[in-house]
Visitor: 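The structure that follows is given in the form of structure tokens.
Atoms within a ligand are numbered from 1 in the order they appear, just like the ligands themselves.
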Amino acid sequence: MASSDASAQPGSPERNARRVAVTGSSGLIGAELCRQLTRDGHPVVRLVRSAARARPGDVVWDPEGGKVDAAGLEGVDAVVHLAGESVGARWTAERKARIVRSRVNGTRALAQALARLARKPEVLVTASAVGIYGDRGTERVDEDSQSGTGFLAEVAREWEAAARPAEAAGIRVANLRFGVVLSGEGGALRRMLPPFRLGVGGRLGSGRQWMSWVSLEDVVGAIRFAMDRDDARGPLNVVAPHPVTNAQFTAALGRALGRPTPFPVPAFALRLLFGQMADEALLGGQRAHPARLLALGYRFRHPELDGALAAALRPAPA
Ligand SMILES: NC(=O)c1ccc[n+]([C@@H]2O[C@H](COP(=O)([O-])OP(=O)(O)OC[C@H]3O[C@@H](n4cnc5c(N)ncnc54)[C@H](OP(=O)(O)O)[C@@H]3O)[C@@H](O)[C@H]2O)c1
């Protein structure tokens, strides 16, 4: 893909249509990405997990089983890989196995299939997470920081490594390490909304844990930026430049909704409900900096939390 100049913003109408293959297209990020790509005239090839759900032009795959119908990917210009079992629920042994299998087997199978194509795509943009840094207290982490410890860090390390066959075949690979994606339509924010709307929301545990958030618009913007830019490769933190603590996030969400946030949720209650997931994803966190995206010239649409929350809570146009 021709390198665009640093002032070109993602989401603007493209000069040349590109065929883009997308996994996880039914998810929070995938659905919005596909909507924008289609709007801008780029044909989308969806990788779907069930033949029954497949529409003409879709490619059927089995990420957990590591199988991809590679022939259906011939001729795509870019691949965006977002699929993975949700991490936003209690991690039973079975769920943890699916979280790992869906990401590691799925990514490896996809990367190997792309590597074998007669005409390879130029770029594979693949999801990862700032969870790769582990729980780091107040330390500011960027892409040069070491990865951390814990289940999420281990999964993310293996997930990123699984894309190497594509890189070895000469395909540019960008590993986008997403923070908490803010959208009223899904993900963590939508799960938080009911208690906050009732005025019974509150910080989690001490509220001192850092939270690296990013608006859905900027996630899709960063994916399209990474597709477009020849110099976007390797890990990129996709987080807004102003992370907050959980207490600051709680106060901002209360302000955005015009509601008090009087009741902290005690750590023991979260541990009781969510087990290990509570410690890693709710009571722990990262203070991540988008050093590489900023260095490449990406301009955030929502650099500040108040603006991002206002956009996320705005009713979707009918
Ligand atoms: N949202 C966030 O805050 C956040 C933060 C950090 C990282 N991420 C990562 O970014 C990616 C996309 O996030 P998202 O919020 O769009 O996720 P999402 O809404 O949970 O969607 C993920 C998609 O993956 C597919 N999927 C579900 N279970 C699967 C399984 N067992 N095996 C393979 N595929 C499965 C589904 O798509 P199909 O049914 O179309 O296959 C699903 O719609 C995920 O990998 C997620 O871990 C997200």
Visitor: Taking the side chain as C-beta and beyond, is there a heavy-atom pair between H242 and L305 under 4.5 Å?
Guide: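 No, side chains not in contact.
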Visitor: With no hydrogens and no angle check, just 3.5 Å: does a side-chain donor-acceptor pair link R229 and Y298?
Guide: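 No, no side-chain donor-acceptor contact under 3.5 Å.
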Visitor: Just to verify, what does R35 make a side chain to side chain contact (heavy atoms under 4.5 Å, CB included) with, not counting sequence neighbours?
Guide: E32, R39
Visitor: Taking only heavy atoms of the protein into account, state which residues are under 4.0 angstrom from an atom of ligand 1, in chain and number order.
Guide: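 Contacts of ligand 1 under 4.0 Å: G24, S25, S26, G27, L28, I29, R49, R53, P63, E64, L82, A83, G84, E85, S102, R103, A127, S128, A129, W159, F178, G179, V180, V181.
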Visitor: By side chain to side chain donor-acceptor pair (under 3.5 Å), which residues pair with E139, not counting sequence neighbours?
Guide: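 Result, side chain to side chain donor-acceptor pair (under 3.5 Å) vs E139: R136.
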Visitor: Quick one: does any side-chain atom of D77 pair with a main-chain N or O of R19 as donor and acceptor, under 3.5 Å?
Guide: yes
Visitor: I need the full list of salt bridge (Lys or Arg N to Asp or Glu O under 4.0 Å) pairs touching residues 78-91, with sequence neighbours left out, sorted by first then second residue.
Guide: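 Residue pairs passing salt bridge (Lys or Arg N to Asp or Glu O under 4.0 Å), neighbours aside: E85-R95, E85-R98.
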